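Position 1 is the first residue of the sequence; numbering continues from there. All of these numbers come straight from a predicted model, not from anything done at the bench.
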Amino acid sequence: MPTDTTPCPFCEAEIGVKAKKCRYCGEWVARRCLSCNTPIKGEWAARGYCHECQVRRSSMPVPDPASKALRRGDKSKAIGVILALVLGGIGAHKFYTGRTGKGILYLLFWWTGIPSLLGIVEGVYWATLSDEDFDRRVLT
């Protein structure tokens, strides 16, 4: 039976097999040297070369900062839940998660009370999701 987790190469904590960054130690686990397959970590990643075989980063894939995969990780589930519960009536949680169109819709109909009710429901729903599910379902 296949497992959905694997140990982090740096801190040995169990992380998802598709994780790009360890949620426990903060190291980029998906960033590996193309020559020797060594995980690039800490100051070595900042300096731009592999500490094992000294290959320059120009031969390694560099993630695009504008990519959606990197932008997803900077949104906190806790802040999204708080915004949905407290300011859900004006769509603050929708603006926070990048769904501007829905945020404007919530803002237009705030006076009906329906967006407030939906904000509470969404806040409770988001609170029950795991971090990975929140990233996959809400932020994509």
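Separating the CD1 atom in Ile120 from the CG atom in Leu85 is a distance of 7.0 Å, to the nearest 0.5 Å. To the nearest 0.5 angstrom, Leu117 atom CG is 9.5 Å from Thr112 atom OG1. Atom OG1 of Thr97 is separated from atom CZ of Arg137 by 15.0 Å, given to the nearest 0.5 angstrom. In this structure, the separation between CG on Asp131 and CZ on Arg136 is 11.5 Å, given to the nearest 0.5 Å. Remark: Leu105 CG to Lys94 NZ distance equals 10.0 Å, nearest 0.5 Å. Atoms NE2 and NZ, from His93 and Lys75 in turn, are 13.5 Å apart once rounded to the nearest 0.5 Å.
Here the options are Leu83, Ile90, Ile82, the test is side chain to side chain contact (heavy atoms under 4.5 Å, CB included), and the partner is Val86; only Ile82 passes.
Residues Val121 and Trp126 are members of separate hydrophobic clusters, defined by side-chain heavy-atom contacts under 4.5 angstrom among Ile, Leu, Val, Met, Phe, Trp and Tyr. Under the 4.5 Å side-chain heavy-atom criterion for Ile, Leu, Val, Met, Phe, Trp and Tyr, Val124 and Val81 are members of the same hydrophobic cluster.
Residues Gly89 and Pro115 approach most closely at O-CB, 3.4 Å, considering heavy atoms. Here the closest non-hydrogen pair linking Leu108 and Trp111 is O-NE1, 3.2 Å. Nearest approach of Val138 to Leu129, heavy atoms of both residues: CG2-CD1, 4.1 Å.
Summarising the local packing, CZ of Phe109 is surrounded by 12 or fewer heavy atoms from other residues, nucleotides or ligands at distances under 6.0 Å. For Lys77, the NZ atom sits in a packed shell: over 12 heavy atoms of surrounding residues, nucleotides or ligands are nearer than 6.0 Å.
There is no side-chain donor-acceptor pair under 3.5 Å between Tyr106 and Arg99.
Side-chain atoms of Tyr96 come within 3.5 Å of backbone N or O of Ser76 as a donor-acceptor pair.
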